[in-house]
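Side chains are part of it too, since the values below use all heavy atoms of this structure and drop only hydrogens, waters and symmetry mates. Quantities reported herein were computed from a predicted structural model and do not represent experimental measurements. In what follows, chains are A, B, ... by sequence order, proteins preceding strands, each numbered from 1.
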There are 2 protein chains.
Amino acid sequence: MALLPWTPGSLFVMDVMLNTKQMKSMKPSNSQKTADRQTHLESQLAMQVVKHIRRLVEAGKLKPGDKLPPERELARKLKISRASLRSGIGYLAATGVLNVRHGVGAFIADDPPVFASSSFNLIGALHGFQPWQMFETRLILESQLAALAAGRSRKEHQLALAGEVEKLFASLDRPAEFLVHDMNFHRILAQASGNPVLAAIMETLTLAFYRERNKTVEHAKDMRDAAEMHKLILKAIRMRDAVKARTLMERHLTASMEAQSVEKHGRRKPSGR
Amino acid sequence: MALLPWTPGSLFVMDVMLNTKQMKSMKPSNSQKTADRQTHLESQLAMQVVKHIRRLVEAGKLKPGDKLPPERELARKLKISRASLRSGIGYLAATGVLNVRHGVGAFIADDPPVFASSSFNLIGALHGFQPWQMFETRLILESQLAALAAGRSRKEHQLALAGEVEKLFASLDRPAEFLVHDMNFHRILAQASGNPVLAAIMETLTLAFYRERNKTVEHAKDMRDAAEMHKLILKAIRMRDAVKARTLMERHLTASMEAQSVEKHGRRKPSGR
DNA sequence: GAATCACAGTGGTCTGACCACATTATACCC
DNA sequence: GGGTATAATGTGGTCAGACCACTGTGATTC
């Protein structure tokens with residue numbers, strides 16, 4: 001299969017990078033010598049399974065929600081052992097393409113697409129993602145999403161958003177529930193942006209965020225403010241005012257972050273940085 | 001963290017292409033009652049492996065490039081079968097945390113972080129990602145990256161970028177090589193933005209892009225134009241002109257897309273709306 | 001000294017059995 | 001008949017141990 005034109009060596013250009021740490025593994029003593037890149041490709045057989053599924057998906061014979069044949073059967077059909085098949089299944093499950101349920105079967109995922117959500121934290125820990133970097137990324141994406149939604153959202157989206165806003169106000173005294181509707185609002189907003197790729201990325205980030213967040217209890221005042229902001233953002237979207245939607249979203253997120261920061265550290269963060 | 005100013009407009013170039021389908025999974029009412037999410041969680045034992053590795057990583061006992069113990073040994077230590085261990089290993093490899101090399105061992109990844117790159121295409125096919133959506137996402141992220149880099153890049157980054165620009169001009173007659181340096185430029189730019197989260201997302205997208213692109217041969221003129229643009233972008237970054245860097249990047253990407261569109265379909269796409 | 005080869009270490013695959021979970025069918029009791 | 005246990009079935013999860021395939025290395029040979 002026509003290998004990529006990796007001219008040898010050229011790949012390590014970024015070695016110049018600042019990362020003063022993790023530079024140790026660079027000394028040739030160890031690992032790769034030239035440019036093998038793209039390792040972790042999962043063994044031949046596992047990949048064969050992936051390819052098989054991909055073909056079916058691309059041919060439209062397998063759609064979100066569909067059930068795969070039982071492992072034993074599928075293994076027989078592909079002429080590989082069940083172990084190898086499971087390796088492939090595991091790969092697809094890990095990347096969120098498949099949804100495996102013990103005692104039931106394997107299904108093509110039909111939830112909002114997410115990239116490697118489960119190990120986002122791990123990857124983050126590995127490369128030293130800082131909270132402020134996560135936040136900055138979210139700020140950039142989500143405000144962009146709001147702007148796009150202002151330009152593209154349809155009636156259905158706006159109604160769904162309105163519904164969530166309503167529930168937001170209705171659950172001011174039940175933080176757990178509030179959080180769910182908060183999350184829904186942002187998820188619908190992502191859908192309303194009309195760009196599922198962007199939405200998927202956002203979803204990935206959001207999940208990592210909320211995983212942390214649902215440990216802290218929110219303050220009543222912050223919740224009311226947040227609900228109010230959602231309302232305003234929705235209004236801007238309805239009026240198709242992209243700039244305003246973006247600005248409001250930025251403000252909302254910043255405020256929300258500061259609120260969380262308080263709950264965690266007991267004090268307001270120096271806002272400026 | 002001082003976010004950079006935003007230049008409105010220029011972003012909605014592609015609003016025309018708003019597609020009409022893909023709205024089905026909008027109602028969040030569906031499956032989860034409150035907030036269970038996170039299906040496809042890989043069985044207990046596999047997750048135990050992940051947790052184990054995570055602990056080691058977070059405790060700093062395992063750093064990028066380090067080698068894991070042999071499977072047989074590790075399985076014994078965790079008191080699980082080798083099969084289950086391998087399931088966990090596979091999961092980590094699939095999400096890009098681990099790098100397994102047949103006959104050698106498993107290593108903590110030390111390449112630029114990427115999310116589920118391998119099955120990006122599959123996920124895309126599954127949820128019907130359109131080329132223009134991919135492109136729009138790239139446009140948003142990359143121009144933002146350029147702006148950030150203008151504000152934050154360090155000398156090392158600028159030098160590395162300059163090096164790539166030079167090689168870009170030097171390889172105008174060797175498309176394959178040109179492409180590598182092109183890719184490097186954008187990768188270094190991502191690093192220079194100072195936000196590894198954003199960089200990781202970008203890397204994921206880029207990979208998916210180039211995977212397609214290296215099939216088409218570029219036209220000489222387009223390549224020269226591209227090289228010229230890279231040079232200009234670098235100049236803007238050096239002058240710490242965030243707005244200009246962003247604008248140039250947007251223009252560069254748009255032009256680049258059109259060029260590709262020509263090669264693929266043999267005609268210029270209706271440029272505007 | 002350099003090329004070759006054998007070996008040991010490690011991941012990849014196979015087999016077939018058994019366990020655990022979910023769903024469905026059946027039996028039973030009221 | 002209706003509802004509730006209970007059994008049977010289907011399916012993924014785990015296990016054990018053997019063997020295959022790839023890599024790196026050090027001994028052998030010339």
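We find that CD of A:Glu73 is positioned 12 Å from P of D:dG10, with the value rounded to whole Å. In this structure, the CG atom of A:Leu45 is 13 Å from the C1' atom of C:dG11, given to the nearest Å. Atom CG of A:Leu98 and atom C1' of D:dT11 are 14 Å apart (whole Å). Following rounding to the nearest Å, B:Ile89 (CD1) and C:dT10 (P) show an atom-to-atom distance of 13 Å. Rounded to whole Å, the distance from CD on B:Gln48 to C1' on D:dG13 is 14 Å. In this entry the distance linking CZ of A:Arg86 with P of C:dC14 reads 14 Å, nearest Å. One can place CZ of A:Phe107 at 11 Å from C1' of C:dA22, the figure rounded to the nearest angstrom. Rounded to whole Å, the distance from CZ on B:Arg101 to C1' on D:dC22 is 11 Å.
Legend: residues meeting side chain to side chain contact (heavy atoms under 4.5 Å, CB included) with A:Arg55, ordered by chain and number and at least two apart, are A:Lys51, A:His52. Evaluation of the salt bridge (charged side-chain N to carboxylate O under 4.0 Å, His left out) rule for A:Glu177 yields A:Arg174 as partners, not counting sequence neighbours. Residues that satisfy the salt bridge (charged side-chain N to carboxylate O under 4.0 Å, His left out) test with B:Glu73, not counting sequence neighbours, are absent from this structure. Partners of A:Ser171 according to the side chain to side chain donor-acceptor pair (under 3.5 Å) rule, which considers only residues two or more places apart in sequence or in another chain, do not exist here. Every residue meeting the salt bridge (charged side-chain N to carboxylate O under 4.0 Å, His left out) condition with A:Glu58, not counting sequence neighbours, appears here in chain and number order: A:Arg54.
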What are the atom names and distances for every N/O pair under 3.5 Å that joins the protein to nucleotides 15-20 of chain C?
from: C:dA20; atom 1: N3; to: A:His102; atom 2: NE2; distance (Å): 3.1

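Side chain of A:Lys67, nearest nucleotide from C:dA22, D:dT11, C:dG11: D:dT11.
Of all heavy-atom pairs spanning B:Lys61 and B:Asp66, the tightest one is O-OD2, 4.1 Å.
In this model, the phosphate group of C:dC14 is approached by a side-chain N or O of A:Ser84 to a distance below 4.0 Å at OP1 or OP2.
A residue-by-residue look at B:Glu71 and A:Leu85 shows that B:Glu71 has its nearest nucleotide of DNA chain C further toward the 5' end.
Remark: the B:His230 side chain and the B:His186 side chain contain an N/O donor-acceptor pair separated by less than 3.5 Å.
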